[in-house]
Amino acid sequence: KFSQGLTAVHVGVFAKIRGWPQLLKAMSMMKNSQMKLIALGRVDEGKDAILAEAARLNIQERIEILDRIPYEVMFDYLLCADIGLILDQPGVQNHVFAFPIKLYDYMLAGLPVIGPDFAVEVVPVIQENSCGILVDTSDPMQIAEALDQLCDDREEAIAMRLRGREAVLR
């Protein structure tokens, strides 16, 4: 569907507690208005709710939501994307202590990751491998700034890609 601009990807359940409202707001605030989003997985609040909010923010043309797809196909999407997203929201104990396997999927696919700065299992992986940007995922401005940074500084984004992939292979 998308032919120009960079693409961010979110894998797994796309729900309010996984940050879709903050992400859509961030996308509407970005200076890189060509960046696209592909969400792969079910939407807890329903696809129509996200698309209605995207329309309200005038970013509906930049979003594609695909229901569950086979794992092998999911990885093909990752290989065509530019940024991996983990935007779990604070205040959920599982978001603090769980380790989302999609972090390793993103890293293996060579995607720089934007992740939550409060997740005790995610933070050290991203920090120690310098493979992404940690943000307050409840703050759309921080998300927008991180997305713009990865869109603008392609050299550093590529370096993050390489470091993340190398870390998984190692």
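Only a predicted model underlies this, so the values are computations on that prediction, with no experimental measurement involved. Positions are given from 1, in the same order as the sequence printed here.
Under the side-chain contact (heavy atoms from CB on, under 4.5 Å) criterion, Asp67 pairs with no residue, sequence neighbours left out. Residues meeting the side-chain contact (heavy atoms from CB on, under 4.5 Å) test with Asp139, sequence neighbours left out: Asp136, Met141, Gln142. Applying the side-chain contact (heavy atoms from CB on, under 4.5 Å) rule to Ala157 yields the partners Pro112, Leu150, Arg154; only residues at least two apart in sequence or on another chain are considered. Residues passing the side-chain contact (heavy atoms from CB on, under 4.5 Å) test with Val13 are Ala15, Arg18, Arg42, Asp44, sequence neighbours excluded.
With 3.5 Å as the limit, one finds no donor-acceptor pair spanning the side chains of Glu53 and Trp20.
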Walk me through it: do Gln89 and Lys16 pass the test side-chain contact (heavy atoms from CB on, under 4.5 Å)? CA-CA 8 Å; Gln89 294 298 290; Lys16 286 183 178 180; over 6 Å; no

Could you go step by step and tell me if Ile126 and Val113 meet the side-chain contact (heavy atoms from CB on, under 4.5 Å) rule? CA-CA 8 Å; Ile126 291 176; Val113 179; 4.0 Å; yes

Could you check Val123 against Phe118 for side-chain contact (heavy atoms from CB on, under 4.5 Å), going step by step and ending with a plain yes or no? CA-CA 7 Å; Val123 169; Phe118 62 84; over 6 Å; no

I'd like to know whether Ile50 forms a side-chain contact (heavy atoms from CB on, under 4.5 Å) with Asp48, so could you lay out the CA-CA distance, the side-chain angles of the two residues, the decisive distance to 0.1 Å, and finally the verdict. CA-CA 5 Å; Ile50 290 178; Asp48 291 342; over 6 Å; no

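In this structure, the side chains of Asp105 and Leu103 stay at 4.5 Å or more apart for every pair of heavy atoms. Met74 is listed as a side-chain neighbour of Leu78, based on a closest heavy-atom distance under 4.5 Å. You'll find the side chain of Asn58 stays beyond 4.5 Å of the side chain of Ser28, heavy atoms only.
Contact detail for Ile63 and Met27: the closest heavy-atom pair is CG1-CE, 4.2 Å. Across Thr137 and Pro90, no two heavy atoms sit closer than the pair OG1-CD, 3.7 Å. Shown here for Tyr106 and Val11, the closest heavy-atom pair between the two residues is OH-N, 3.0 Å. The shortest non-hydrogen separation linking Leu147 to Met30 is CB-CE, 3.6 Å. Residues Val125 and Cys131 come closest through the heavy atom pair O-SG, 4.0 Å. Here the closest heavy-atom approach between residue Pro140 and residue Lys25 is recorded as CB-CG, 3.6 Å.
A donor-acceptor pair is defined here as one N or O able to donate and one able to accept, closer than 3.5 Å; no such pair exists between the side chain of Glu64 and the backbone of Leu37. A donor-acceptor pair under 3.5 Å is formed between the side chain of Lys47 and the backbone N or O of Ile65. No side-chain donor-acceptor contact under 3.5 Å links Asn32 to the backbone of Cys151. Within the 3.5 Å criterion, the main-chain N or O of Asp88 finds no donor-acceptor partner in the side chain of His95.
Screening residues 158-170 for salt bridge (charged side-chain N to carboxylate O under 4.0 Å, His left out) gives Asp82-Arg161, Glu156-Arg163 as the qualifying pairs, with residues at least two apart or on separate chains. Counting only residues at least two apart or in different chains, salt bridge (charged side-chain N to carboxylate O under 4.0 Å, His left out) contacts with residues 6-15 are absent.
The hydrophobic clustering, which links ILVMFWY residues whose side-chain heavy atoms are closer than 4.5 Å, places Val120 and Phe99 apart. Tyr104 and Phe97 are not part of a single hydrophobic cluster, where members link through side-chain heavy atoms under 4.5 Å apart. Connection of Met29 to Leu23 is not established within any shared hydrophobic cluster, with ILVMFWY side chains joined at heavy-atom distances below 4.5 Å, either directly or through further cluster members. Taken together through direct or relayed side-chain contacts under 4.5 Å among Ile, Leu, Val, Met, Phe, Trp and Tyr, Ile17 and Leu87 form parts of separate hydrophobic clusters. In the hydrophobic clustering of ILVMFWY residues, with side-chain heavy atoms under 4.5 Å counting as a link, Val96 and Val92 come out apart.
Of the inter-residue distances, the one linking Met107 atom CE with Leu169 atom CG reads 9.5 Å to the nearest 0.5 angstrom. The line from OG1 of Thr7 to NZ of Lys36 is 7.0 Å long, rounded to the nearest 0.5 Å. With rounding to the nearest 0.5 angstrom, the CD1 atom of Ile59 is 4.5 Å from the CG atom of Leu24. Atom CG of Leu162 and atom CG of Asn129 lie 12.5 Å apart (nearest 0.5 Å). Of the inter-residue distances, the one linking Ile114 atom CD1 with Glu145 atom CD reads 11.0 Å to the nearest 0.5 angstrom. Separating the CD1 atom in Ile69 from the CG atom in Leu40 is a distance of 4.5 Å, to the nearest 0.5 Å.
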